[in-house]
Amino acid sequence: MKLIEDLRNLDRNNIGGWPKSVKVFFIALVAVVIVFLGWYFYVSNEQDTLASAQQQEVKLKQEFEQKQAKVVNLDALKTQLAQMNEMLSQMLRELPSKTEMPGLLVTISQTAQAAGIETDVFKPQPEIPKEFYAIKPISLKMQGTYHQFGTFISSVASLPRVVILTMHNVSLKPVGAGSKNAPPPGGQLMLEGTVQTYRYLGDEEPKGDKASGKKGGK
């Protein structure tokens, strides 16, 4: 071919005298190199940006579908929330009220006596208000048998009002014995420590968590 012959006979010291076909060839070659470098440095970066945008698109679609599902079920969720709030209110109303608490404490003490338990200390402590309820700690010291304590707990559980007793720092050990061995079923035990019972806070009463939150914000 003539182009190949012209390339073989090129005079590198006389570029201006090169044949037209050779000049066109080198111009085309330079254009190809420029296009390639432009693609490599520009289009390549754009492709990375496109890939990142596509990943973001997938993520946004997933978030949209999740939020759309929540919106579709929003009415059902609101209904369920209202039902749960109503159930919570009913459960809280089953707890003793402020006016019932003094009588309830007397009833708990009398229930222990009726079970045959000897009560040395039964001392209610100041209440601790929370958001929906109040905690009533009771310091106590009681003496009785396994059977008597079991009867006492069973009787408290059967009271008309829901009475919750939780143990805190309570010890149960044989009376007047330093032995680590468990006493016989009829042996006397000493229960000493603090129990907590709970009551419902009325709407007009200050809520402990809210009060503490206000103090922290000042």
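Predicted, not measured: the structure shown is a model, and the values here were computed from it. The analysis underlying the following values was restricted to heavy atoms, covering all of them including side chains, and did not include hydrogens, waters or symmetry mates.
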Checklist line | Thr145 side chain near Phe149 side chain, heavy-atom distance below 4.5 Å | finding: no
Notebook entry, point to check: Checking side chain to side chain contact (heavy atoms under 4.5 Å, CB included) for the pair Gln143/Val175: CA distance, chi angles, key distance, verdict?
Noted result: CA-CA 8 Å; Gln143 181 176 327; Val175 175; 3.8 Å; yes
Next item on the list: Indicate the atoms forming the closest heavy-atom contact of Tyr198 with Ile135, along with that distance.
Entry: CE2-CG1, 3.6 Å
Item checked: Inter-residue atom distance Tyr133.OH - Tyr200.OH, 0.5 Å rounding -> 14.0 Å
Check: Can Phe122 be reached from Val106 by stepping across I, L, V, M, F, W or Y side chains whose heavy atoms are under 4.5 Å apart?
Finding: no
Item checked: Salt-bridge criterion met for Arg199 and Glu127 (N-O under 4.0 Å) -> yes
Note to self: Please find the pair of heavy atoms, one from Ser155 and one from Ser158, that lie closest to each other, and give the distance.
What the structure shows: O-OG, 2.8 Å
Check: Would you find a donor on one side and an acceptor on the other, under 3.5 Å apart, between the side chain of Gln62 and the backbone of Lys59?
Finding: no
Item checked: Separation between CD1 of Ile138 and CD1 of Ile108, rounded to the nearest 0.5 Å -> 5.0 Å
Notebook entry, point to check: About how many Å separate CD of Gln56 and CD of Glu63, when rounded to the nearest 0.5 Å?
Noted result: 7.5 Å
Next item on the list: Determine the minimum heavy-atom distance between Pro137 and Pro126, stating which atoms define it.
Entry: CD-O, 3.4 Å
Checklist line | Whether Ser52 side chain and Thr49 backbone form a donor-acceptor pair below 3.5 Å | finding: no
Margin query: For Thr99 versus Pro102, what's the shortest heavy-atom pair and its separation?
Written below: O-CD, 3.6 Å
Item checked: Closest non-hydrogen atom pair between Ser139 and Val121, with its separation -> O-CG1, 3.7 Å
Check: Is a side-chain N or O of Ser154 found less than 3.5 angstrom from the main chain of Gly150, in a donor-acceptor match?
Finding: no
Next item on the list: Report the C-alpha separation of Glu65 and Lys61 in whole Å, then their side-chain angles, then the decisive distance to 0.1 Å, and conclude whether the salt bridge (Lys or Arg N to Asp or Glu O under 4.0 Å) test is met.
Entry: CA-CA 6 Å; Glu65 291 174 355; Lys61 283 183 177 179; over 6 Å; no
Next item on the list: Let me see the working for Gln110 and Thr107 under side-chain hydrogen bond (donor to acceptor under 3.5 Å, both in side chains), right down to the final yes or no.
Entry: CA-CA 5 Å; Gln110 292 176 345; Thr107 300; 5.0 Å; no
Item checked: Student check: side-chain heavy atoms of Ser171 and Leu191 closer than 4.5 Å -> no
Notebook entry, point to check: With side chains defined as the heavy atoms from C-beta onward, is the minimum distance between Leu81 and Leu77 less than 4.5 Å?
Noted result: no
Next item on the list: Output the distance between atom CG (Leu105) and atom NZ (Lys123), rounded to the nearest 0.5 Å.
Entry: 14.0 Å
Check: Quick one: does Lys136's side chain have a donor or acceptor within less than 3.5 Å of a partner on Gln125's backbone?
Finding: yes
Next item on the list: Kindly compute the distance separating CE (Met190) from CG (Leu172), expressed to the nearest 0.5 Å.
Entry: 10.0 Å
Check: Going from CD1 on Ile117 to CG on Leu140, what distance comes out if it is rounded to the nearest 0.5 angstrom?
Finding: 10.0 Å
Next item on the list: Would you kindly confirm whether Val33 and Phe36 end up in one hydrophobic cluster when ILVMFWY residues are joined by side chain heavy atoms under 4.5 Å apart?
Entry: yes
Check: Looking only at heavy atoms, what is the nearest atom pair of Leu201 and Pro129, with distance?
Finding: CD1-CB, 4.4 Å
